[in-house]
2 protein chains.
Amino acid sequence: MDAFLDDFATMSAFGATPGGGVERQAASAADGENRAWFTDWLERNGFDVRVDAIGNIFGLIERIPGAPYVVVGSHLDSQPLAGRFDGAYGVLAGAHAVRAATGAEGPAVFNLAVVDWFNEEGSRFKPSMMGSAVFTGGLPLEVALATTDPTGTSVADALDTIGGRGKAAPLDVAAYLEIHVEQGRELEDTGTTIGLVATTWTAHKLEVVVRGEQSHTGAARMADRRDALYGAAELIVAVRRLIDGFEPEELHTAVSEMYLDPNSPVAIAREVRMLVDVRSPDRSLLETAVDRLRSEMRAIEERARVDIEIRGVVEWSSGPFLEEGILLAAAEAERLGYSHRRSATVAGHDATNMKEIVPTVMLFVPSVDGISHNEREFTSDADMLAGLDVLTAVLVRVAAGDLDAAIGDIGEGR
Amino acid sequence: MDAFLDDFATMSAFGATPGGGVERQAASAADGENRAWFTDWLERNGFDVRVDAIGNIFGLIERIPGAPYVVVGSHLDSQPLAGRFDGAYGVLAGAHAVRAATGAEGPAVFNLAVVDWFNEEGSRFKPSMMGSAVFTGGLPLEVALATTDPTGTSVADALDTIGGRGKAAPLDVAAYLEIHVEQGRELEDTGTTIGLVATTWTAHKLEVVVRGEQSHTGAARMADRRDALYGAAELIVAVRRLIDGFEPEELHTAVSEMYLDPNSPVAIAREVRMLVDVRSPDRSLLETAVDRLRSEMRAIEERARVDIEIRGVVEWSSGPFLEEGILLAAAEAERLGYSHRRSATVAGHDATNMKEIVPTVMLFVPSVDGISHNEREFTSDADMLAGLDVLTAVLVRVAAGDLDAAIGDIGEGR
């Protein structure tokens, strides 16, 4: 187990920040260095490395010629000034779990693979979970490659800059496993070591444009102004106050990204573009909240003399995770003596995409104070090792065909 | 007079925008083309062209060897997507006025010059009125040259790119005249052709930083969040509502420039930087308003769990314009049969800097609907020509020493 902690420390040096975190946005130089180190690690450990057209890195161990693969992994990219655990822990734990499972006793009906999904974070290139979305067919490859960051660089060019584009053939996947830090407080607050992800919160991401009219910041009469930034500010406040109409933590709302034109000290903004993020474990409650927000928008249009348009809405599938997978993981955690409970994930994960096409199991380990997307994000060595322990045990059982057997139909959902 | 309108049309083609305006931010390619055309115009019309170290362009007509100069001008740079009149009208009118005054009958005790002050707008490089501030000693040359735009380009590099840096010796200035579009509605609403600028509104520009803590946009508990963008939005709303405590148009407030970190769709902003603009014709009323805003900030810090720091305050001198200058201009407008009235300027102008060191006269012509810093900014040909007419007459009298005579002490304030 020391090997895992040593590798994790080595990996955490790529894109390390003064605050103890990392900054490795998708296809950045730091992401490239980390990917190169990980690829080298795979080759040194006997994996067959394949990179596909959107930059997903697969490390394969073929034990049964031609058999499908049980894939385990997460993502190596990070938010700006982020924690070192989010995603990276799951990829490295996956690699170590595959290596351990390869040498495990007992029957095996599937091959093993670890994956680093490209651009899960979506901070540089939208949407998030891009690599897994292309793999599962939810996002066309051409659309993903043509996506640009705020400076106009495309995914294709950014990937080529770090030599990150391949053309590996699609993999025949039997099942998918992922382990991730919780990014919430439930496990910590309940003193639980292993979270068994059972549900995903529903999320609506509204692309909103507020339009006013450019005028002189000082000279224009107040009564004549149509200030897009003032209208946007009223909207951001309304988004935050939306939660007051519901029980605590039934609804999460935020605006964290915003662009204004012309963004001049002496010219009132003519246009503001922002992303409004609204999430809830309860889909109908979420829809009620979004309806209230729409009527707030009408009131703000009057008050601020602006036009507000919802240009698009991205929604996440919030279906439950496979019951048989939850039970199998619970049994392994129990057998190994780790406390466990069912969890809900608020954040989206690559598993959210994968569970739509193959049997998927997702595990959580605790995040101290629930802090995430922050250099102060932290998970203890003991919790990381416990998670690796359970992940390895679950991988061995799933590779032995136990999950498909439980589902009662080999290949279901494939 | 047709010559003026022809030249104005020619000039309006540089950086022309689809909406009938111009975009010629300081030291941009379009600003460079316009400056080159203006320099060529000056040379073709017998002016001696000199460019100083901060890129101010002077066109000199020396009639009396060694005598000081009466300088008339404004600025050729513009806001993004701006009107074609703001600044450009004053520079071209100044050039035509000098040419006309050169051939005028009667005594002359001063030489004549037109000036294009560099970067009056301050949209690309802060502060605004940069060229005249360096000329009048209010801003050190090195500080101005080292100032960078949002992309990190310095004033020195930007000026060199357009070949806009010179090293002309400082000019001995006897008096300064400027004509500008009003950017307000007073002249239009009162059916007046010529505004005689008597006072400047006091302006406070507060550099504000809102600090929170970066966290996951979806997963972080609402109760745990310290969202800098939410705090900033509450502040922008408070800035706008500040006017509700005063009579209409006694107070102008706005936020038009803002930067957030990390500006990611999935990470709550840890820091927002913005410029808060508060103006009033009444200094004590302005101070009352700013005090109220400071206490609002304390309340927002509590409510949004953020820290708000006022990093700096830029204040404009709001002293009155020279009474003798106002009376002289009024007499010329009267003699030429144009309606006139005293005006206050809400916006800062290069004349605001120049009046601190030499006798200064500033004139306004009407702006349709008071629209400015907008492609729809408009002033009629008739009003532009009337302004040029009065400007020329005032220039002839000031160059004849009538203003200094009125002040009763030649050289006062120089």
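Values below: all heavy atoms of this structure, side chains included; hydrogens, waters and symmetry mates excluded.
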Contact part of [X] toward chain B, heavy-atom cut-off under 4.5 Å: side chain, backbone, both or neither?
| X | value |
| --- | --- |
| Leu275(A) | side chain |
| Gln79(A) | side chain |
| Gln25(A) | neither |
| Leu251(A) | backbone |
| Asp277(A) | side chain |
| Ala347(A) | both |
| Asp224(A) | side chain |
| Glu249(A) | side chain |

Quiz item: Is the shortest side-chain N to carboxylate O distance from Arg270(A) to Glu213(A) below 4.0 Å?
Solution: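 Salt bridge between Arg270(A) and Glu213(A), a charged N being under 4.0 Å from a carboxylate O: no.
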Quiz prompt | Beyond-backbone contact of Val306(A) with Glu234(A), side-chain heavy atoms, under 4.5 angstrom | solution =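 Not touching, per the 4.5 Å side-chain cut-off.
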Self-check item: Best-contacting candidate, Val346(A), Thr345(A), Asp227(A), Ile371(A), against chain B by heavy atom pairs under 4.5 angstrom
Solution: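 Ranked by contacts with chain B, first place is Val346(A).
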Self-check item: Arg273(B) NZ/CZ over Tyr259(B) ring centroid, <6.0 Å and within 45° of normal
Solution: no
Practice problem: Please state whether the rings of Trp201(A) and His252(A) are parallel, tilted or perpendicular, taking 30° and 60° as the class boundaries. | Solution: tilted
Practice problem: Would you mind checking which part of Ser128(B) comes under 4.5 Å of any heavy atom in chain A, side chain (CB onward), backbone (N, CA, C, O), both or neither? | Solution: neither
Practice problem: Go through the side-chain N and O atoms of Glu182(A) and Ser367(A) and say whether any donor and acceptor fall under 3.5 Å apart. | Solution: no
Quiz item: Should Arg124(B) and Asp77(B) be marked as a salt bridge (charged side-chain N to carboxylate O under 4.0 Å, His left out) after you check the CA-CA gap, both sets of side-chain angles, and the distance that decides it?
Solution: CA-CA 10 Å; Arg124(B) 180 181 177 189; Asp77(B) 73 309; over 6 Å; no
Quiz item: Does the side chain to side chain donor-acceptor pair (under 3.5 Å) test come out yes or no for Asp282(B) and Ser280(B), once each step is laid out?
Solution: CA-CA 5 Å; Asp282(B) 177 338; Ser280(B) 174; 5.5 Å; no
